Every structure is written in C-alpha cells, then in structure tokens.
Number of protein chains: 2
Amino acid sequence: MDAHEILMSCGLKVTRQRQAIVEYLMDAAMPVTAEEIYRALSQKEVSLWLSTIYRTLEQLSAKNVVRKTMLREEKNCYELVREGHRHYLICLGCNRMIALDSCPLHGMKLPAGNDRFQITGHRLELYGYCEKCQRDHH
Amino acid sequence: MDAHEILMSCGLKVTRQRQAIVEYLMDAAMPVTAEEIYRALSQKEVSLWLSTIYRTLEQLSAKNVVRKTMLREEKNCYELVREGHRHYLICLGCNRMIALDSCPLHGMKLPAGNDRFQITGHRLELYGYCEKCQRDHH
DNA sequence: TTGGGTGCAAAATGTTTGCAATTCG
DNA sequence: CGAATTGCAAACATTTTGCACCCAA
C-alpha cells in the first residue's frame with residue numbers, strides 16, 4: 001500500500017503535500033513531530049505549510065491511519081499505524097527510542113479489566129538507559 | 001510529611017505560594033494541570049502567578065517529588081510522587097481517570113530489559129470505557 | 001543581609017482557525 | 001465545474017524568560 005492508496009482509502013484527495021507527508025511517515029522508523037515533517041519536506045522539493053501538516057495528521061488520525069503519541073513527555077508525535085500497536089524503549093540518556101517487536105502486555109490478563117471497566121487499549125513506554133548511556137551515566 | 005517538610009527536604013525556601021501548591025497536590029486524587037492549580041488557588045486566599053506554578057512544578061520535578069504526566073494526550077499534568085508510581089484507567093467516554101491500586105507490570109520480567117538496555121521505569125495507561133459509558137456508547 | 005523567589009510583562013513555542021486562491025476529481 | 005484543499009496570516013493556548021522588587025533563612 002503506497003501513499004496514494006492510503007489517501008484514497010481515507011476518502012481524501014491526493015495532493016502533492018499529503019503524498020509527501022504520508023511518504024515521510026512511511027519511511028520514518030519512529031514517531032515524528034509535525035515540525036520534523038515540515039523541516040524534512042521543506043528541504044526537498046516539497047513546499048507546504050505547518051497548518052497543512054497539522055490538518056493532514058488530524059484527518060489521518062481520525063481515520064486511524066496515523067496515531068498521535070507523546071513520547072518523552074515533550075511534543076506531539078505522529079506515527080503510521082502499522083500492525084497493531086507499538087511500544088518503545090526510551091533512553092533517558094540520549095533520548096533515542098527503540099521499538100519493541102512485541103507488546104509485553106500481549107495475552108496478559110489485566111487485573112483492572114473487569115465488567116466495571118472494559119479495556120480497549122493501552123499505552124506503554126519503558127524508560128531506562130541504553131548500552132552506551134549506561135557507561136556514560138556513571 | 002507535610003508541605004513544609006517536603007519543601008525543606010528539596011532545599012527550597014518555604015513560601016506561601018509553594019506551600020499552597022504542594023498542599024493542593026497533596027489533596028489532589030488525580031494529576032492536575034498548572035491551570036487547575038492556578039484557578040483553585042486564586043479562588044482561595046492565595047494570590048500567585050502561573051509562572052510561579054510552572055517554576056515550582058519544574059523544581060519539584062527535578063527533585064522527583066512531583067511527576068509530570070501526560071494523560072489523555074492533552075495537556076501536561078502533575079502529580080505528587082507517592083508510594084512508587086501509579087497507573088490509571090482512562091475512560092474514553094467521559095475522560096474520567098481511575099487510579100489502579102497496583103502496577104500490572106509489577107514483578108513481571110520484561111523481555112526487553114536485558115544487558116543491552118537497563119529499564120529503570122515505565123509509564124502505562126489503560127484506555128477503555130467505564131460502566132456508565134459502556135451503556136451510553138452503544 | 002542576601003540570594004533565592006515572586007509578580008508581572010513580554011516573548012517563545014506549538015497548534016488551530018478563517019478566508020481567499022488554488023487544485024483535484 | 002464545484003467541492004475539497006492549500007497558502008498564508010492571524011489568533012490562540014501553553015510554557016518560558018527577563019528583570020525589578022521582595023522576603024525567608
């Protein structure tokens with residue numbers, strides 16, 4: 001599924017700007033901020049505005065094609081929704097994020113989910129220190 | 001431990017404003033925004049500015065007395081660090097948050113934590129629908 | 001007394017909105 | 001062509017910063 005198809009399937013018109021945004025998200029290994037998209041695309045041939053990026057991300061989020069996340073307690077980040085959901089290890093030393101290849105909660109019976117509260121999703125981030133920063137940290 | 005002692009232990013001067021902020025956090029059952037603190041204290045006898053609140057929360061966060069959280073993908077919230085850490089059920093219907101009384105991950109061996117990445121903390125939020133909203137939602 | 005703290009204003013940052021001009025279908 | 005989309009400016013909300021005055025230690 002390429003950018004063009006993704007946009008079509010959302011019922012959105014395929015514009016130069018939107019294609020570039022979706023392509024950028026497809027290439028991104030990590031959640032990215034609106035500003036990162038803006039800077040990256042501005043450096044290429046693509047000229048577009050931040051408001052367009054926000055609007056597009058908003059629309060794609062509504063269609064569940066993009067997910068808004070908030071990693072590292074800072075800005076909003078956005079990532080393409082791929083297989084299921086995704087969690088990250090976040091290094092407190094260098095801020096790098098490492099995607100986990102599976103959900104640690106998968107298949108787990110959560111004590112909180114009972115008839116009084118129906119759990120439909122979760123968000124999990126693991127913090128710590130990567131190999132390099134473990135050394136530097138001491 | 002009261003507000004006064006908490007501030008002292010952080011090496012911060014005990015001022016009227018800071019005391020009020022910490023007391024408010026102690027009474028709060030849930031993470032609160034800077035603005036909520038501002039409005040609540042303004043209504044009482046306490047006069048103080050938002051910048052003072054942000055500065056104080058910043059300092060308390062640095063001392064690990066307060067934790068910054070971002071629930072519901074919206075604004076920054078702050079909560080007093082009590083016993084260990086805390087997780088919430090968040091209702092997507094009414095936005096209400098319900099504190100869990102224990103950490104579902106407690107005692108769990110996380111597959112990601114090995115010698116290459118040392119896990120020191122995590123953040124987990126569970127989303128779903130509370131009893132009332134399960135009915136309304138359909 | 002004095003260095004940290006606060007009031008206050010102003011700036012910086014991130015995001016949203018309104019509208020005319022443009023472009024996709 | 002007509003509706004959706006964009007460029008652009010301006011508004012908005014949140015958070016940070018600078019500085020003179022103030023007050024806790």
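Owing to the predicted nature of the structure, the values given are computational and were not obtained by experimental measurement. In what follows, every chain begins at residue 1, and chains take the letters A, B, ... in the order their sequences are listed. Excluded from the calculations below are hydrogen atoms, water molecules and symmetry mates; all remaining heavy atoms, backbone and side chain alike, are included.
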**Q.** Single-linkage hydrophobic cluster, 4.5 Å side-chain cutoff, B:Tyr24 and B:Tyr54 together
**A.** yes
Q: Would you mind reading off the bend of the helix from C:dT1-D:dA25 to C:dG25-D:dC1 from its two end axes, five pairs each, to 10 degrees?
A: 40°
Q | Residue whose nearest DNA chain D nucleotide is more 5′ - B:Val14 or A:Gly11 | A | A:Gly11
Q. Does B:Arg18 use its side chain to pair, donor to acceptor, with the backbone of B:Lys13 at less than 3.5 Å?
A. yes
Q) Do the ring centers of A:His87 and A:His122 come within less than 6.0 Å of each other? A) yes
Q.
To the closest 0.5 Å, what do you measure between CD1 (A:Ile6) and NZ (A:Lys63)?
A. 14.0 Å
**Q.** Separation of B:Arg55 CZ from B:Trp49 CH2 (nearest 0.5 Å)
**A.** 11.5 Å
Q: Please tell me which of B:Tyr78 and A:Gln17 maps to the more 5' nucleotide of DNA chain D, matching each residue to the nucleotide holding its nearest heavy atom.
A: A:Gln17
Q: To the nearest 0.5 Å, tell me how far A:Tyr88 OH sits from A:Leu100 CG.
A: 9.0 Å
Q.
Just to be sure I understand the rule, does B:Arg55 reach a base, reach only the sugar-phosphate, or reach nothing, if contact means heavy atoms closer than 4.0 Å?
A. base
Q) Of all nucleotides in DNA chain C with an atom under 4.0 Å from a non-hydrogen atom of chain B, which is the first and which the last going 5' to 3'? A) C:dG3 to C:dC8
Q | B:Arg16 side chain to B:Val46 backbone, donor-acceptor under 3.5 Å | A | no
(Q) How long is the straight-line distance from OG1 of A:Thr33 back to CG of A:Asn76, given to the nearest 0.5 Å? (A) 9.5 Å
(Q) Within the 4.0 Å heavy-atom criterion, would you say B:Glu58 contacts the bases, only the backbone, or no part of the nucleic acid? (A) nothing
Q: List the atom of A:Gln17, the atom of A:Leu48, and the distance in Å for their closest heavy-atom pair.
A: CG-CB, 3.6 Å
Q.
Distance alone, cut at 3.5 Å: any donor-acceptor contact between the side chains of B:Glu36 and B:Tyr38?
A. no
Q: Indicate, with a heavy-atom threshold strictly under 4.0 Å, whether B:Gln59 touches base, sugar-phosphate, or nothing.
A: sugar-phosphate
(Q) Any base atoms under 4.0 Å from B:Thr33, or only sugar-phosphate, or nothing? Heavy atoms, all strands. (A) nothing
Q: Check every nucleotide of DNA chain D for an atom under 4.0 Å from a heavy-atom of chain B, then give the first and the last such nucleotide from 5' to 3'.
A: D:dT14 to D:dA25
Q. If you round to the nearest 0.5 Å, how far is CG of B:Asn64 from SG of B:Cys10?
A. 9.5 Å
